[in-house]
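Worksheet: the structure to be examined is printed underneath.
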Amino acid sequence: MLSTVSRIMQQFFGRRSTNVFPVKYAPESVIDALAGGDIHPPISMPEGYRGKLSYDFDKCIGCGMCLKVCPAKALEDYPIMDTEKNRPSKRIVFYRGKCTYCEECVKVCPVGAIKLNPDFMMANYEKYGDDQIEGIEKRREFEVKEGQ
Amino acid sequence: MKKDSFKYFKRSLWAFHINSGSCNACDIEILAALTPRYDAERFGIKLVGTPRHADVLVITGTMTEKIKDKVIRVFNQVPDPKLVMVVGSCGISKGVFQESYAMAGPVDAHIPVDVYVPGCPPRPEAIIYGVARAWEKLEMLEKGNAAS
Amino acid sequence: MSNKETYKLQIGPTHPAFKEPVRFEFEVDGEHVLHADIDMGYTHRGIEHVSKERNFIQIIYLLERICGICSTSHPMAYCLAVENAAEIEVPARAKYIRTIVGELERLHSHLLWAGVAAHEVGFDTLFYTTWDIREKVMDCLEVISGNRVNYAMLTIGGVRRDIIGEVAEAVNKTVEYYSDLYSQLEDIMLNDMSLRLRTENVGILTYDEALKLCAVGPTARASGLAKDVRADYAVNAYPDIPWLKAITPNDVGKKPVGDIYDRIVVRVLEIKQSVDIIRFCMENMPGGEIVAEPKAVKVINQLKKVKAHGIGRYEGPRGEVSHYDILDNNECPVGVKVKAPTYSNIISWVPMFRGAEIADIPIIMSSIDPCIACSDRASFVEGEGKKTVSFGELRKLSMEKMNKIRRGL
Amino acid sequence: MNELTVFLIMVISTLIGGIYLGLLGRGIDRKIAAKFQSRIGPPIRQGFWDLKKLMLKQTIVPENSITWVFKGAPLVALVTSAMLLVYIMVPYLLYLTGYESPMFAHMGDFILVIYLLMIPAIALVAGGFSAGSPLSTIGSQREMVVLMATELPLAVTVIAFAVKMSVLAPSMPSFSIFTAASNPVWNGMGPAGILGVILLASAFLFIIPAETGKIPFDQAEAETEIAEGLLAEYSGKYLAFFQLAEALKSLGVVALVVVLFFPQGVSTIMGGQMIAGGINITVPCEIMFFLLKVSVVYSVSISFIRVSMARLKISQVSKFFIYSVSAVSITGFILIMIDPRIMAM
Ligand code: SF4
Ligand code: SF4
Ligand code: SF4
Ligand code: SF4
Ligand code: SF4
Ligand code: SF4
Ligand code: SF4
Ligand code: SF4
């Protein structure tokens, strides 16, 4: 009993443990309603955090290794024409809403075209909106070219 | 009427959490979002024990066949206006459980979803950020309503 | 108030007390529980089935998501099983790292449980306190593995990330933090009056019952059954630790009763034990490689050539997890069988609920630290109306399925 | 000013102030609890926002409920809670402002206060039973148990007060709050009597959370056991009414404790009127001091107790009240009775 009370008192008079981080990202109109009201910087993420995935279209050689190891089938390939080597190849798009952030594709990619970034703020209203799919612009570009 | 109460959602948001076949990781991160480090209560967010009191349904997991009907029933029990937030990749797209026979499909195949929070699991901050995105959406709705 | 008529009380599947969907049907008389019936299967995701369509590397991440609370236990048992089948030698350093991650996970899981249990009895401050304390180990795991939950640390033949430099420092700091805090934590968890009022002599599972019902993990140990895979079998770095033993309430000089309080005792003592194990591993970690074969594709190709059975067992925070894998010259295993700790423990609810009050239901339920995600074995995916299957029918269905599989092979 | 105007002003200001302070009190309570739990907690205005939102939400009446009871219960609870607050506050305000009024001297009868304490709880019980869900029914049964368990210590305290008052102020009605306020219990007693009053007050430390349904006595709404129990089926407006009723009742109960045990105003402590810059500011000072006392009692008996304990089982609650709390208050009662100065009268 006493130890509980002492711990509670300790908590009452000690520093609070809340990190007020996400305030910065709330819309203007609610910020003033939030406790503190200050704007706080994002927390520092440890090195090697497995967050948002990014994909370098130009680096990719289309080997398809990533397709083979992905447990969530979070990526999809599409054929392109490799203009440099003048032979058909493929590129990849990554669906953020399917990914499990396991980093297996990063480890397996021979040219380091994929990376997991410390960014984790990914919430959105659309399931597969353009900002939720890595490499979709390139794909669009490519499809337009294809169409011509 | 609808618009007005949306306004108060920004100050007071009561959430009811349903696990529709998740792996618990997302669930514990939601709970963690309430604990001192993240303290979602400072935004007026509270986890309630019955759907009747809820404003937002927080759904984790993939909607297994067996729980599908229950989730839909709970959704109908929540008084209007209401929001639905899906936390975790597997609720968005079945994630790592693709191709399983026991899946009734992603959550949005059965009930309308307002905000998606990708991650497997997303950090508690990312979940709170998801709520901030929901507020933003409400703001947009408000403006849209005001304009029309 | 004690009206004699009994009625049925349905709890679940979306009840605030348990974060996982499971439905209970209690027959209650006033506030007393007469009979309990369990309906499970809400989180059945067919993982064992899906596993047969994934290659050996993909399965690790799939099995990790059987459940996120002890998310290294399943990959650990699976990797041990595959390594056992393919006779892959795991480097010594990897064994130590596996042990450290496993114990950090136990630390987080036990603290999480303490918080949940406190919440079940309405002691929210303790819930907040333990979860606040738990954030430290989550940070540590995040530094090691790159995520707070679902660590993705294990791979076949070793681990994916090393513990060196800053990461090692972070682990040492965590160990320090918990050793400093431990006595206070123990004092709060074991001596708080109101918590004792709610947990002592509630939900009793006697030694004999625990033995008969094959209870595992802290649930069994609280009843005085000294069984612990870490102490009983040679997995990971555990055999190197001379003082390791299964913890029972006897260790604090208390005769095990098998009530909820004893389960708290066991888990609190295991927090200390885990901290000590991590310290031991950090001090004695050998150098060398951390994985037998770093290239995932090579591992898959290597496993393709194996035709064997393998078994892996590991002591998760809730008890023994065992996996059985069948490799058959294929990119995917032809069989993955999972035995989760809760699966063994669920049946011990029956004696625990005997004579309980409604108010005891949540705390009894959480006292075995149930993880429904692990234990949901089957669900109807078609034929809505049909809800009960007799033993004979089930046997017939299984035989049909078995024959189908045989023909397929 | 005639008496009726004064009375009306007092009632209306009590109601408005009560609603405002009641909701503010909820916010402060949550803030303090959060601080004990090492968090920031919701803004103090949270209570108002929650209420406004609930008022605007859809209100669902479950199909298998007894509709009129289901709808009526929240209103009854709200009205009686408001009456309770008025009934405690008006005589006390009369005392504080020193307004002489033979007409209202009898106002604030203890027995009526006890009834008014019970009615919101009974309304809750009725609402819970009418909702037609098993969880609400269990909640209702539990609420009844808590209600009955607290009756005995409450009654003992009231009788002790009545006896005491009849000795202290034989000329005034002994069951009245006005009398209790103007004759602090601590006066005119030896050590035994003082100890007795302390015991009675400490019994109230637990009666307050029980009356207001806070941990460790929130069995009727136990979230993790019976999913908010009584209130499980309520939504929107009706839930808002219950919340408001609860806020008012909490304030009322705390005010009652302050009036009974710590009625002394600043002026009695400072010994005379307070003048600042030639204006008599005694009344505002008195009210501020009263609010201070209320917030101290509120944060100790509601906020602190609820963060430092686990919820008891319903069987433990009845035992706790019937054995421990009643024993404490009866001992207090006996001590007051055997106090030589009371005996002498
Ligand atoms: S991180 Fe994992 S789940 Fe995500 S795309 Fe890569 S392999 Fe697939
Ligand atoms: S593994 Fe790398 S190079 Fe190969 S297809 Fe994937 S992204 Fe491209
Ligand atoms: S999204 Fe990932 S972590 Fe979350 S419940 Fe699904 S599988 Fe688990
Ligand atoms: S029992 Fe569990 S592990 Fe097995 S298939 Fe079902 S959900 Fe997957
Ligand atoms: S899972 Fe079935 S076969 Fe295996 S041990 Fe349990 S009861 Fe026996
Ligand atoms: S035992 Fe429980 S926590 Fe561990 S993996 Fe299974 S379900 Fe998850
Ligand atoms: S049904 Fe018989 S053969 Fe099959 S697992 Fe059970 S005991 Fe073994
Ligand atoms: S098919 Fe035969 S071997 Fe398989 S479970 Fe059924 S009885 Fe046992």
Side-chain angles (χ1 to χ4, degrees), chain A residues 1-21 42-53 61 63-75 98-112 114-120 122, chain C residues 50-51 53-65 118 123 125-126 128-129 131-133 135-136 139-148 150-153 155 160-161 165-167 170 181 183-196 294-300 331:
Chain A
M1 195 78 207
L2 272 180
S3 47
T4 318
V5 171
S6 87
R7 172 82 199 186
I8 292 175
M9 282 303 166
Q10 213 174 308
Q11 285 175 179
F12 189 80
F13 294 109
R15 256 191 63 210
R16 55 151 202 249
S17 18
T18 309
N19 172 7
V20 278
F21 148 72
I43 23 156
S44 65
M45 301 301 295
E47 207 180 313
Y49 181 79
R50 292 178 276 123
K52 194 187 270 179
L53 183 144
I61 51 167
C63 66
M65 299 275 246
C66 47
L67 287 166
K68 199 176 160 76
V69 291
C70 178
K73 314 227 154 58
L75 29 90
K98 290 184 181 174
C99 183
T100 61
Y101 306 90
C102 65
E103 214 182 19
E104 203 54 65
C105 53
V106 179
K107 291 237 150 129
V108 88
C109 179
V111 291
I114 322 170
K115 253 179 43 203
L116 289 183
N117 302 313
D119 191 359
F120 58 84
M122 294 179 283
Chain C
V50 179
S51 297
E53 286 153 23
R54 301 282 159 97
N55 66 40
F56 289 97
I57 293 294
Q58 289 170 327
I59 288 178
I60 299 171
Y61 306 102
L62 179 67
L63 292 183
E64 193 168 59
R65 282 158 185 81
F123 201 164
T125 308
L126 193 53
Y128 286 127
T129 303
W131 279 57
D132 193 19
I133 293 172
E135 285 298 327
K136 274 279 184 312
D139 284 347
C140 180
L141 281 165
E142 188 176 43
V143 171
I144 296 177
S145 74
N147 202 341
R148 287 161 48 88
N150 288 345
Y151 319 113
M153 273 298 276
T155 188
R160 285 175 44 180
R161 294 189 184 200
E166 277 178 19
V167 179
L181 202 75
S183 60
Q184 194 189 25
L185 189 73
E186 184 188 276
D187 210 9
I188 295 177
M189 291 302 294
L190 301 187
N191 298 333
D192 186 74
M193 263 281 295
S194 56
L195 204 59
R196 285 184 83 141
K295 291 219 164 55
V297 180
K298 259 195 192 159
V299 174
I300 297 172
E331 201 170 274

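In what follows, chains carry the letters A, B, and so on, assigned in the order in which the sequence lines appear, proteins first and then strands, with residues in each chain numbered from 1.
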task = I would like to know whether C:Q58 and A:E104 meet side chain to side chain contact (heavy atoms under 4.5 Å, CB included); could you show each step before the answer?
result = CA-CA 9 Å; C:Q58 289 170 327; A:E104 203 54 65; over 6 Å; no
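- In terms of heavy-atom proximity, A:P71 sits nearest to C:Y61 at CG-CB, 3.7 Å.
- Looking only at heavy-atom pairs under 4.5 Å with chain A, the residue among C:E331, C:E142, C:R148, C:R54 that has the most is C:E142.
- When C:M189, C:E166, C:R65, C:E135 are compared by the number of non-hydrogen pairs under 4.5 Å with chain A, C:R65 comes out ahead.
- Note: C:R160 leads C:K295, C:R161, C:R160 in heavy-atom pairs under 4.5 Å with chain A.
- Only the side chain of C:I133 comes within less than 4.5 Å of a heavy atom in chain A; its backbone stays farther off.
- The two atoms that bring C:A152 and A:C102 nearest to each other are CB-O, 4.2 Å, heavy atoms only.
- With a 4.5 angstrom heavy-atom cutoff, C:N150 touches chain A only via backbone atoms.
- In this structure, chain C has a heavy atom under 4.5 Å from the side chain of A:K107, while its backbone stays farther away.
- Across all their heavy atoms, C:N147 and A:R50 have their closest contact at CB-NH2, 3.3 Å.
- Ranking C:I59, C:T155, C:I188, C:V143 against chain A, the residue ahead of the rest is C:I188, based on heavy-atom pairs under 4.5 Å.
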